[in-house]
Amino acid sequence: MSDDSHVHCGTSNPVNDSAHTDGQPDLTALRASIAQAVRNVKDRTPLAQSFTNFVTINLVANAQLAAGGTAAMSFLPDDVIDTASISGADYINVGTLLPFYAEALPQIARAFHKSGHKWVLDPVAAGIGRTRTEILRAFRAAPPTIVRGNASEIIALTNMWGLAAVDGETSRPAGGESVDEVDAAVEPAKRLARFLADSAPEGKAAVAVSGAVDLVTDGERVYRLPGGSALMAKITGAGCSLGGVTATYLAVAEPLTAALAASLLYNRAAEVAEAKAEGPGSFQVHLLDALWNLTPEQVAASEILTY
Amino acid sequence: MSDDSHVHCGTSNPVNDSAHTDGQPDLTALRASIAQAVRNVKDRTPLAQSFTNFVTINLVANAQLAAGGTAAMSFLPDDVIDTASISGADYINVGTLLPFYAEALPQIARAFHKSGHKWVLDPVAAGIGRTRTEILRAFRAAPPTIVRGNASEIIALTNMWGLAAVDGETSRPAGGESVDEVDAAVEPAKRLARFLADSAPEGKAAVAVSGAVDLVTDGERVYRLPGGSALMAKITGAGCSLGGVTATYLAVAEPLTAALAASLLYNRAAEVAEAKAEGPGSFQVHLLDALWNLTPEQVAASEILTY
Amino acid sequence: MSDDSHVHCGTSNPVNDSAHTDGQPDLTALRASIAQAVRNVKDRTPLAQSFTNFVTINLVANAQLAAGGTAAMSFLPDDVIDTASISGADYINVGTLLPFYAEALPQIARAFHKSGHKWVLDPVAAGIGRTRTEILRAFRAAPPTIVRGNASEIIALTNMWGLAAVDGETSRPAGGESVDEVDAAVEPAKRLARFLADSAPEGKAAVAVSGAVDLVTDGERVYRLPGGSALMAKITGAGCSLGGVTATYLAVAEPLTAALAASLLYNRAAEVAEAKAEGPGSFQVHLLDALWNLTPEQVAASEILTY
């Protein structure tokens, strides 16, 4: 979809890929569920709570509001756990860590796991810093419903959780800037999604890999979502706010549908914004306007490639 | 005035209400004092310091600058208390709490109380989380000069401080999204304002309730301020930044005048911005421009309903 | 260049000064190195990491991206030090301090000093608060490569580090709002730059003083950079984001060149933005667009006054 080349919510360079065609029978039902998710958010204004980095926290909230939801941001475990009782899903992003997060984040994840509360993890900069690694490792015992990241982050998390194939995948961390291509993350993403699904109360989970062509999988099926804009790399928070909006959709839809709906909304909004922008400042303004103005039908009619 | 449906600075849905007329003799003097407050800020660029949440801290500062003041944001007690010696008033917002706030915020409130320093409290998400409740309870012994919140927050704080009527008012917290109407908060707001005035060095205080029609009271008189825009609900920080601008006006005016001037400025700016916006992204840009461009006369000429 | 009248990244009022002419022979080489620095950033997208205040952290990242670099923001020492191994330079801003910074910031500065890692210090609100003073004093033993601040901050830091002339310079702190003129900071800035250069691995450093006419010095030569816009004072983070972009240029250029390139880029961008803006909201949008659109040649052709 998109690209923001830095530690907070890594993605990688978009390149259009229309070598594949869709039209498979199952996409009709999928498109209907995507349209319904977008519509449900606009109709019900669901609350999704975020524990996220300080760089892009404002854009996460504004994007969730622009998509039609509502936002609440908290960091204290008592606050987060209390608010989770009224939020449809949560979003956790491990950027800009503070010392107390080392205890707070695993505690919150365990509380969500115990109550079956759905949440989206953004494993920003996975592989950098001892504290981040400890936190991400701890999440293995109380896993999220959806993981969204760039290829490098997905590969790093999969390795960290011991889910790598016998022959192993390797990746080098590079801030939030992905140094791996989405293709390299297909198998790790599928294994990660199956692991998440095995832990999920309803047995359903998804992994979204942002990149040249976004990839979304529930562990079985793999969807690729072409489009977006290279300007997504030139504003901070494109990936983070996509993660937040994924949680907004997760509040009203199943994980696969939520991940697809959010990524498609972002790709379409980025294209609208790019056509109007004169640079990254105006691009962000138009992006928020487009998140607000796009219809459920426009989002659901997006190109979706299957393999 | 406004509405942002989330934990950071709750408000509720605007509905125009022009069933009442003004023209009462006392409004002439009030309008003059409102115009003077707006003018004083533009002429003197007063500093108002904020201790506020991380989601909307940037918008709070930018709104204070756009209104004509200057901004300083701090969290360490030694920093806040030192800076308060050069700030005309302070703004405290209890969103996105960190662990050390449980000690820091009561310490800061006591220092302000001891020195007679004026401040505005935004009791965001009052009722959610044990730590927030402890902090808000502690403020009772060192109260602010102005409280600004949505109806649910005002009712929750009034109950928390034991100021409820004998028959009690009840409210359910719902993040920052008000689930109570402004009308339900009239009596709690008046009692709260009288309590604040009793503690204030000069015996003057105010309470502002954001909602369909904003309500401002000094404990005796009640003013209702129609107008604003539904798009205020679709950007994060409308309520918080209104709280910050209230502190900017409090640096140069009496509490009742400051609360009225800030709410009227926001309602007018929201209307200007809505007319130009193509969505929430451009709405926020136009809102800041309008805060900057509105004149003291335009703000003071606003419709003000009395009862 | 600029002006944002508050604690986060103080500057002071711009006034155009074209009483001096340039054309000195050494400026040709300097202009070539400035153009090269701007071009290098656009070509190489260098990573500059920031430890900065919460108010303007988003604008710092977006400005670095708009200038062509990439951004990473961190606060935990293990995270910052790990990320520094892949960042070309760092930016440290001492606004919005949290308690753990008192230990973390000196630890990070020592690690940078030990590894010879280049960094830019923004001594925001120098002179306010005991904790800030302790941190800034600690930096004397592990100094930055560039200091950027307003005149009051530069004078305060110079005094704090015992670098004042025998007859002393005095300054009163006033939040981030400079109460001293740039002229008063010429000698302190030169002494500070020489002290930094003596500590620098390659013996090169710079000090940038933001004000009516910006001043940049390497301890020997002094350059003044007229222009900019008074609207810089009406958005929060003009100075902070200039500091962040200075770090971006420092990742690919020598300190003097980096400081000049960043200040010139900002002055030109501010002028473009002012011509298009209808207030501070649209000014910030146009500023980011202009940072993105200005060419190396446009930046390098700026008026530069020498003495």
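Naming: A, B, ... by sequence-line order, numbering from 1 per chain.
The greatest number of non-hydrogen atom pairs below 4.5 Å with chain C, out of B/Asp78, B/Ile57, B/Leu288, is found for B/Asp78.
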Report the C-alpha distance between B/Lys276 and C/Glu278 in whole Å, list the side-chain angles of each, state the deciding distance to 0.1 Å, and finish with yes or no for salt bridge (Lys or Arg N to Asp or Glu O under 4.0 Å). CA-CA 12 Å; B/Lys276 296 183 176 185; C/Glu278 295 174 15; 3.8 Å; yes

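Between C/Ile135 and C/Phe139 there is a side-chain heavy-atom pair separated by less than 4.5 Å. The closest side-chain heavy-atom distance from C/Asn150 to C/Val209 is not below 4.5 Å. Between C/Lys234 and B/Asn62 the shortest side-chain heavy-atom distance does not fall below 4.5 Å.
Of the atoms belonging to B/Asn58, heavy atoms from both backbone and side chain fall under 4.5 Å from chain C. With a threshold of 4.5 angstrom between heavy atoms, B/Leu98 approaches chain C through side-chain atoms but not through N, CA, C or O.
In the model, C/Thr131 has no side-chain atom that pairs as donor or acceptor with a side-chain atom of C/Glu134 under 3.5 Å.
Within residues 243-251 of chain B, no residue has any heavy atom closer than 4.5 Å to a heavy atom of chain C.
Each of C/Val94, C/Thr96, C/Asp122, C/Asn93 was evaluated against C/Thr52; a single residue qualifies, C/Asn93, per the side-chain contact (heavy atoms from CB on, under 4.5 Å) test.
Between B/Phe51 and B/Phe75, the ring planes are perpendicular. Angles over 60° get that label, and only those under 30° would be called parallel.
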